[in-house]
Amino acid sequence: MTQKVLFVLGLLFALSPFASPPLALFLGLVFGLFFAHPYLKKSQRFSKTLLQICVVGLGFGMNLHEVLKAGKSGFFYTAISIAFALSVGWLLGKLLKVGRTNSYLISVGTAICGGSAIAAVGPVADATDDEMSVSLGTIFILNSVALIVFPLVGEYLNLSQTQFGLWAALAIHDTSSVVGAGAKFGAVALAVGTTVKLARALWIVPVTLTTAAIKRSGAKIKYPWFIGLFVVAAVVNTYFTFGAPLYNALYDLARIGLTATLYLIGSHISVKTLKQTGVRPLAQGIILWIIISILSLWLIVQGFITL
């Protein structure tokens with residue numbers, strides 16, 4: 001009875017305005033580590049479906065005009081950085097002997113847009129709840145660090161607003177953290193970071209479809225329906241602006257749903273799971289993020305990457 005009450009209370013908190021994605025995931029992990037899950041199988045099935053629905057809802061927060069505007073100069077940089085991050089992530093995963101799916105999810109989350117990318121690619125890659133939770137946990141920890149560290153480094157190095165915005169867009173995982181760091185640094189940094197990050201986030205679609213094709217190469221290809229609807233939502237939000245209030249509401253609901261999903265996913269993790277997983281995925285995520293952050297910063301400061 002105690003486990004049921006605590007689980008429901010945690011879920012209600014995850015649905016409240018006071019919860020953030022990292023906090024919801026943390027609470028879910030705490031519950032999973034210290035209590036027996038009262039609804040494990042049902043929760044696992046529901047969280048997978050809810051995750052896909054939330055990905056669709058996030059499409060209502062994407063404006064393709066802004067993406068194309070940033071893409072004139074930022075698209076090339078994002079393409080190169082994504083290819084580089086996926087390649088280095090794959091190599092680190094091999095060297096550290098991280099499980100193939102965990103390694104791929106962490107690499108995709110680092111390369112594209114953190115939790116949103118993992119949420120989109122995970123179901124297509126047939127990732128387990130354990131693999132999703134470990135990957136998301138790694139990404140959210142680094143997001144929290146970046147939100148604090150990046151503005152301090154930017155100020156110490158006297159980066160311009162444009163330089164900082166570009167660096168944040170290329171090196172910070174989640175869009176929300178890019179927005180937070182950019183807002184701390186200045187209005188121009190916020191604008192640059194947000195637009196370039198949108199161009200980077202759009203790569204969710206081809207990467208997810210490619211993953212689906214490769215994963216199911218030996219059988220009939222089953223493309224992820226929710227990615228198609230994600231694109232439709234982005235198109236609707238961009239070209240049918242009369243429904244903006246509704247789109248904003250759907251986007252907000254998707255973010256709330258994603259937060260609740262992270263709580264559910266975290267609650268599926270047990271001590272046994274962590275022992276089986278180990279610290280290698282976290283090490284991979286940290287090393288990959290440090291490489292991307294330092295290299296992109298150096299290229300920006302040296303003038304090789306500009307807008």
What is the minimum heavy-atom distance between [X] and [Y], and which atoms define it?
{"X": "Ile292", "Y": "Ala171", "answer": "CG2-CA, 4.2 Å"}
{"X": "Trp289", "Y": "Ala146", "answer": "CZ2-CB, 3.6 Å"}
{"X": "Tyr263", "Y": "Leu6", "answer": "OH-O, 3.8 Å"}
{"X": "Phe164", "Y": "Phe150", "answer": "CE1-O, 3.1 Å"}
{"X": "Ser103", "Y": "Val98", "answer": "N-CG1, 3.8 Å"}
{"X": "Ser160", "Y": "Phe185", "answer": "O-CE2, 3.8 Å"}

Whether Gln284 side chain and Gly89 backbone form a donor-acceptor pair below 3.5 Å: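 Yes, the answer is positive, given that a donor and an acceptor are paired below the 3.5 Å cut-off.
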Can a donor-acceptor pair be found, under 3.5 Å and without considering hydrogens, that links the side chain of Trp167 to the backbone of Gly154?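 No, because the side chain of Trp167 does not come within donor-acceptor range (under 3.5 Å) of the backbone of Gly154.
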Can you measure from [atom1] ([X]) to [atom2] ([Y]) and round to the nearest 0.5 angstrom?
{"X": "Phe31", "Y": "Phe7", "atom1": "CZ", "atom2": "CZ", "value": "6.5 Å"}
{"X": "Thr261", "Y": "Leu136", "atom1": "OG1", "atom2": "CG", "value": "10.0 Å"}
{"X": "Leu15", "Y": "Leu11", "atom1": "CG", "atom2": "CG", "value": "5.0 Å"}
{"X": "Ile286", "Y": "Ile291", "atom1": "CD1", "atom2": "CD1", "value": "12.0 Å"}
{"X": "Ile80", "Y": "Leu299", "atom1": "CD1", "atom2": "CG", "value": "11.0 Å"}
{"X": "Ile118", "Y": "His173", "atom1": "CD1", "atom2": "NE2", "value": "8.0 Å"}

[Y] reachable from [X] in the ILVMFWY side-chain graph, under 4.5 Å edges:
{"X": "Leu264", "Y": "Phe34", "result": "yes"}
{"X": "Tyr39", "Y": "Phe35", "result": "yes"}
{"X": "Ile172", "Y": "Trp298", "result": "yes"}
{"X": "Ile290", "Y": "Phe84", "result": "yes"}
{"X": "Val236", "Y": "Leu253", "result": "no"}

Tyr104 and Ser135: side chain to side chain donor-acceptor pair (under 3.5 Å), yes or no, with the steps? CA-CA 9 Å; Tyr104 183 57; Ser135 304; over 6 Å; no
Side-chain contact, heavy-atom cut-off 4.5 Å: [X] with [Y]?
{"X": "Lys97", "Y": "Arg280", "value": "yes"}
{"X": "Thr101", "Y": "Asp126", "value": "no"}
{"X": "Val153", "Y": "Leu159", "value": "no"}

Got more than 12 heavy atoms from elsewhere within 6.0 Å of CZ, Phe26?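 Atom CZ in Phe26 is not crowded, with 12 or fewer foreign heavy atoms closer than 6.0 Å.
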For Tyr247 together with Phe60, are the ring centres under 6.0 Å from each other?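 Under 6.0 Å, so yes.
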